[in-house]
Protein chains: 2
Amino acid sequence: MARKPAEQSVNRLDILLAAANVFRRKGYHGAKMSDIAAEVDLTAGSLYHHFPDGKQQILIEVLNEGLDQITAEVQAVVDDNTLMPDEKLRKVIYTNILGLTHNTSVAAALVFETRTILENPEARKAYLKRRDSFEQLYTHIIQEGIDAGIFRQVDVPIFTKTILGAHNWVGVWYREGGRLTGEQIADEMSNTFLAALSPVQVPEAKH
Amino acid sequence: MARKPAEQSVNRLDILLAAANVFRRKGYHGAKMSDIAAEVDLTAGSLYHHFPDGKQQILIEVLNEGLDQITAEVQAVVDDNTLMPDEKLRKVIYTNILGLTHNTSVAAALVFETRTILENPEARKAYLKRRDSFEQLYTHIIQEGIDAGIFRQVDVPIFTKTILGAHNWVGVWYREGGRLTGEQIADEMSNTFLAALSPVQVPEAKH
DNA sequence: AAAATAATCAAATCATGATTTAATTATACC
DNA sequence: GGTATAATTAAATCATGATTTGATTATTTT
């Protein structure tokens, strides 16, 4: 019969967080199991009690947790039908960036370590599917706005990747206690992208 | 007395390019010296003839070469005084993105492997200085445009990082033979950022 | 064609770090 | 209190991969 886990012992989530921190500092390959273990006052071997499948499994779960979390938050905004596309996009950007700045370790893992997980064929497929869904949240809003005539005609996939690239990068350079808060950064960036979608005439390139 | 290097033997640049390719596929830590060597038909040991300081030195040179190259190209545009700030920014974005799409391996290294080099105290300082200079090229143009009144007031550092984040990300997702050419992507993205800088009124956020 | 140096290789080293194993200790359940 | 299971550890394994070493082969220079 199942029994309740001990109260004071480390749990999986603690370890995932610890791992994300170490990954951020040293990268996945540079992170020793003993580094992760030390972060939660364990020895390397003990980690295998919680994650029998070892190091890679830990990374996979860090990324899945992180992506699911941010997806859920963004999804909630998307589902709010009281918002117009422009308000929705602003709020989504805001939510996404705050999510990143509030958990920079996981954010960095999502940027830097995704490639590692992709080398694992099983994990790869599932992960890419998740990531596509996330990207879809953005493309939908943008397309909606274009269809409604409140955004100018842009190439939706490229515009989406432009936003996401800018976001991802925030997770890399943002430091707590810097010149601007996460909120201010989110404001500034949502202004930028909404201005970029403003349906006024844009002088065309001639090269 | 110095003698000319043998004609047919591999040279340092070949190796750097090969290394960048392997780094792109497997990441720095995942790349074996033997992988890099195989790419140029050598054995692992032979690489030490060309790079006595070993693997990390190879990475450092890949990044330095890559950054210097792209910096030089962008600098050339910045130095062209016949261009107005908006034209200049458009051209800089264009140049930068084409640089990335034309050498995706190095581009990916610049995004993913910079962290590795930063752990090396000596390389760190020099590299950060270079990277700052590069960023300055963008901030200067943007500030110029604002001062000239043809760009709206944005937070220049954030806007710069927004552009650079979007650019970096191109190096990650771009694939030769995809739906759009590098030129089309560059066009689309420069339209985006110029629109974002257009000095029309932007509806303010209220949260 | 010698002599000198460059380029390369195959086979050691050497270090590191993930994972396994065999206990040991702690906690929950009855 | 006693037993089953969870949590943890210390000490092996085991594998991998960077680097070194001591030849061997190529190329250049004179």
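Proteins get letters first, then strands, A, B, ... in listed order; numbering begins at 1 in each.
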Legend entry - Side chain A:Lys88, main chain A:Val78, donor-acceptor under 3.5 Å: yes
Identify each atom pair where a protein N or O and an N or O of nucleotides 11-17 of chain D are less than 3.5 Å apart, giving names and distance.
{"from": "D:dG17", "atom 1": "OP2", "to": "B:Lys32", "atom 2": "NZ", "distance (Å)": "3.4"}

Inset, instruction - May I have the distance from A:Asp41 (atom CG) to D:dA10 (atom C1'), rounded to whole angstrom? - result: 17 Å
Inset, instruction - Using five base pairs at each end, measure the axis-to-axis angle across the helix from C:dA1-D:dT30 to C:dC30-D:dG1 and round it to 10 degrees. - result: 30°
Legend entry - Test side-chain hydrogen bond (donor to acceptor under 3.5 Å, both in side chains) applied to B:Asn168 - qualifying residues, sequence neighbours left out: none
So which protein N/O to nucleotides 22-25 of chain D N/O distances come out below 3.5 Å?
none

Legend entry - Length of the line joining A:Gln57:CD and C:dT19:P, which is rounded to integer Å: 11 Å
Legend entry - Any B:His49 side-chain N or O less than 4.0 Å from OP1/OP2 of C:dT8: no
Inset, instruction - Go through the structure and list residues passing side-chain hydrogen bond (donor to acceptor under 3.5 Å, both in side chains) with A:Asn81, not counting sequence neighbours. - result: none
Inset, instruction - Would you kindly give the CG-to-C1' distance between B:Asp14 and C:dA7, to the nearest whole Å? - result: 14 Å
Inset, instruction - Using a cut-off of strictly less than 4.0 Å, decide whether A:Ser46 has a side-chain nitrogen or oxygen near OP1 or OP2 of D:dT9. - result: yes
Inset, instruction - Round to a whole Å and report the spacing from CG of A:Leu47 to P of D:dA10. - result: 13 Å
Legend entry - side-chain hydrogen bond (donor to acceptor under 3.5 Å, both in side chains), paired with A:Thr139, selected from A:Gln136, A:Gln143, A:Glu135: A:Gln136
Inset, instruction - Please determine, for the side chain of B:Thr43, which listed nucleotide (C:dA10, D:dA10, D:dT19) has the closest atom? - result: C:dA10
Inset, instruction - Please say whether more than 12 non-hydrogen atoms of neighbouring residues, nucleotides or ligands are located less than 6.0 Å from CD in A:Glu61. - result: yes
Legend entry - A:Thr116: side chain to side chain contact (heavy atoms under 4.5 Å, CB included) partners, not counting sequence neighbours: A:Tyr28, A:His29, A:Leu59, A:Glu113
Inset, instruction - Could you check how far CZ of A:Phe51 sits from C1' of C:dA18, rounded to whole Å? - result: 16 Å
Inset, instruction - Report yes if a side-chain nitrogen or oxygen of A:His50 is closer than 4.0 Å to either non-bridging phosphate oxygen (OP1 or OP2) of D:dT8; otherwise report no. - result: yes
Legend entry - Between D:dA18 (C1') and B:Gln56 (CD): distance, integer Å: 13 Å
Legend entry - Interatomic distance, B:Ile58 CD1 vs D:dT19 P [rounded to whole Å]: 9 Å
Inset, instruction - Please determine, for the side chain of B:Tyr48, which listed nucleotide (C:dT8, D:dA18, D:dT9) has the closest atom? - result: D:dA18
Legend entry - Under 3.5 Å: donor-acceptor pair, side chain of A:Ser133, backbone of A:Lys129: yes
Inset, instruction - Figure out the CD1/P separation between B:Ile15 and C:dA7, and round it to whole Å. - result: 10 Å
